[in-house]
2 protein chains.
Amino acid sequence: MRSYKQFCGVAKALDVVGERWTLLLVRELLLGPRRYSDLLSALKGLTTNLLADRLRRMTAEGLIERVTLPAPSGARVYQLTARGRELEAVVLALGAFGASYLTEPGGDAVNLRWAALSLKRRWNGTGEGTMVLRAPTRSFTIVLGAPLLVMDGELPADVVLTGEEPELLAALFGADSVTVDGDAAVWKAFRDGLR
Amino acid sequence: MRSYKQFCGVAKALDVVGERWTLLLVRELLLGPRRYSDLLSALKGLTTNLLADRLRRMTAEGLIERVTLPAPSGARVYQLTARGRELEAVVLALGAFGASYLTEPGGDAVNLRWAALSLKRRWNGTGEGTMVLRAPTRSFTIVLGAPLLVMDGELPADVVLTGEEPELLAALFGADSVTVDGDAAVWKAFRDGLR
DNA sequence: CGGCATCCGTCATGATACTG
DNA sequence: CAGTATCATGACGGATGCCG
């Protein structure tokens with residue numbers, strides 16, 4: 001790792017998170033803890049040696065920590081520290097800038113998780129309520145408020161959106177192809193508060 | 001340049017600005033246009049071949065453009081396009097994150113220009129007025145408002161701060177070692193509006 | 001001198017194989 | 001599942017040369 005050696009916050013930040021893959025790992029962890037293999041399968045092109053290296057460095061920098069979940073899971077997961085969560089503003093700002101490059105997926109990987117995270121920057125509304133996005137193999141919970149909370153997994157919710165991943169993803173961008181169970185007003189308020 | 005191939009704004013942004021030096025070049029240009037040699041001398045460690053490469057890519061991406069200033073200057077300068085200026089939020093967010101790493105300069109390069117840019121994210125005050133920071137070899141103009149405007153050069157101002165670069169830099173972080181000419185109330189309001 | 005291009009050594013990254 | 005080891009490749013850093 002080569003430091004810029006500049007007494008400047010921007011340069012110092014890039015010394016810490018400027019290497020390839022680092023900020024994408026932060027993005028992955030912003031919705032909740034993930035296992036080594038979760039990260040590896042989500043980030044095509046990131047090789048196992050480089051993932052190990054990045055996780056080691058990020059741990060040394062105090063951005064993430066490795067935690068062993070209580071039994072019966074017992075899984076080892078990586079999660080953001082308080083300092084790591086400070087990078088949310090950076091990730092969301094990058095997402096806002098890069099959004100204009102999102103026209104057609106083409107051959108790019110598509111991921112409902114990334115779309116869910118983008119809600120945090122697209123949300124400018126108000127209102128209350130809790131929503132669940134339920135895809136066949138994973139779910140997300142969204143808590144309306146300021147700021148909008150988006151996290152892995154299901155919590156008790158006012159409304160549950162059910163569909164295949166592509167349908168749920170489309171629903172987050174305007175299409176209306178999912179099953180809405182519960183308080184439809186919460187879903188409408190959410191949709192109206194997105195930009 | 002290797003793309004992440006992910007249909008995600010964060011990844012797309014990093015495809016464009018994720019390479020080494022690119023965001024530091026954006027930072028340099030956020031206060032105004034600069035010549036090739038300005039950039040080279042400000043960024044120690046950036047070599048001439050790599051600067052040429054980055055400027056070429058950034059031009060191709062529509063982040064910057066090369067402009068020839070009118071006579072008598074006639075200098076060729078690089079400046080941000082509208083799309084490039086959208087990166088200000090990214091740079092400021094990085095600066096906020098990296099600020100906690102700024103304790104002692106140590107052997108790091110110090111630059112009044114970087115400190116002046118940091119004012120944009122540190123400013124949370126209100127008020128009106130125009131200030132000039134005048135160092136021996138360069139000046140900056142600051143226009144109070146929302147957002148705070150910081151730019152290269154001098155414009156007519158309510159108050160002029162004069163000093164050596166290290167003194168002016170210290171003044172922006174709390175010390176009071178500079179000469180204040182003009183409306184001291186503007187200077188005080190500015191200082192009180194910084195975090 | 002400003003504005004690059006070329007050459008070369010080094011280091012970061014990518015691909016694959018292998019291990020506790 | 002969670003990594004380590006090894007090797008090939010490409011990006012980067014440093015010096016130097018070219019050209020108006």
Side-chain angles (χ1 to χ4, degrees), chain A residues 1-6 11 14-26 28-29 33-61 64-79 107 109 137, chain B residues 1-6 11 14-25 28-29 33-61 64-79 107-109 137:
Chain A
M1 206 275 285
R2 188 167 280 264
S3 160
Y4 286 113
K5 303 231 176 204
Q6 295 180 358
L14 290 172
D15 283 342
V16 175
V17 299
E19 290 182 289
R20 201 162 157 76
W21 296 109
T22 302
L23 279 171
L24 293 186
L25 285 166
V26 173
E28 292 302 311
L29 296 177
R34 310 244 75 189
R35 291 175 304 177
Y36 189 93
S37 53
D38 294 332
L39 298 169
L40 209 52
S41 61
L43 301 175
K44 300 249 176 97
L46 172 59
T47 52
T48 171
N49 57 348
L50 205 49
L51 174 58
D53 178 85
R54 289 294 181 270
L55 293 174
R56 215 178 298 122
R57 286 174 190 265
M58 292 169 74
T59 303
E61 287 289 353
I64 63 173
E65 55 193 353
R66 191 168 73 168
V67 176
T68 303
L69 297 182
S73 165
R76 282 179 294 183
V77 296
Y78 293 89
Q79 66 183 16
T137 63
Chain B
M1 208 276 286
R2 184 166 281 265
S3 160
Y4 287 112
K5 303 235 177 201
Q6 295 179 358
L14 290 172
D15 283 342
V16 175
V17 299
E19 289 182 291
R20 201 164 158 74
W21 296 109
T22 302
L23 279 172
L24 292 186
L25 285 166
E28 292 301 311
L29 297 176
R34 311 243 74 188
R35 291 174 303 177
Y36 188 93
S37 53
D38 294 332
L39 298 169
L40 208 52
S41 60
L43 301 175
K44 301 247 176 98
L46 171 60
T47 52
T48 172
N49 56 348
L50 205 49
L51 174 58
D53 177 84
R54 290 293 181 271
L55 293 174
R56 210 179 305 116
R57 286 173 190 267
M58 292 168 74
T59 303
E61 288 288 353
I64 62 173
E65 56 193 352
R66 192 168 73 169
V67 177
T68 302
L69 297 182
S73 162
R76 282 180 295 183
V77 296
Y78 293 89
Q79 66 183 17
D108 295 349
T137 62

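In what follows, every chain begins at residue 1, and chains take the letters A, B, ... in the order their sequences are listed.
Cation-pi geometry between B:Arg66 and B:Tyr36 is not met: the NZ or CZ atom fails to fall both under 6.0 Å from the ring centre and inside 45° of the normal.
Contact check for A:Lys5 versus B:Lys44: no side-chain heavy atoms found under the 4.5 Å cut-off. In this structure, B:Gln6 and A:Leu24 have side chains that are in contact, with non-hydrogen atoms separated by less than 4.5 Å. Side chains of A:Leu25 and A:Leu43 form a contact here, defined as non-hydrogen atoms less than 4.5 Å apart. Using a 4.5 Å heavy-atom threshold, the side chains of A:Gln79 and A:Arg34 count as separate.
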*How would nucleotides 14-20 of chain D be written as a contact map, 5' to 3', with B for base contact, S for sugar-phosphate-only contact and - for no contact, using protein heavy atoms under 4.0 Å?*
B-B----
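Rounded to whole Å, atom C1' of C:dA12 lies 11 Å from atom CZ of B:Arg20. The distance from atom CG of B:Leu39 to atom P of C:dG3 is 9 Å, rounded to the nearest whole Å. Taking atom CG of residue A:Asp53 and atom C1' of nucleotide D:dA5, one finds them 14 Å apart after rounding to whole Å.
For B:Tyr4 and C:dG14, the shortest distance from a side-chain N or O to OP1 or OP2 is not below 4.0 Å. For the pair A:Trp21 and C:dA12, the criterion of a side-chain N or O lying under 4.0 Å from OP1 or OP2 is not met.
Shown here are the side chain to side chain donor-acceptor pair (under 3.5 Å) partners of A:Thr59, two or more places apart in sequence or in another chain: there are none.
Closest heavy-atom contact between A:Leu29 and A:Tyr78: CD2-O, 3.3 Å. Across all their heavy atoms, B:Arg57 and B:Glu19 have their closest contact at CD-OE1, 3.6 Å.
Taking the nucleotide of DNA chain D with the nearest heavy atom to each of A:Arg56 and B:Leu50, the more 5' of the two is matched to A:Arg56.
Terminal axes of the helix from C:dC1-D:dG20 to C:dG20-D:dC1 (five pairs each, C1' rotation axis) are separated by 30°, to the nearest 10°.
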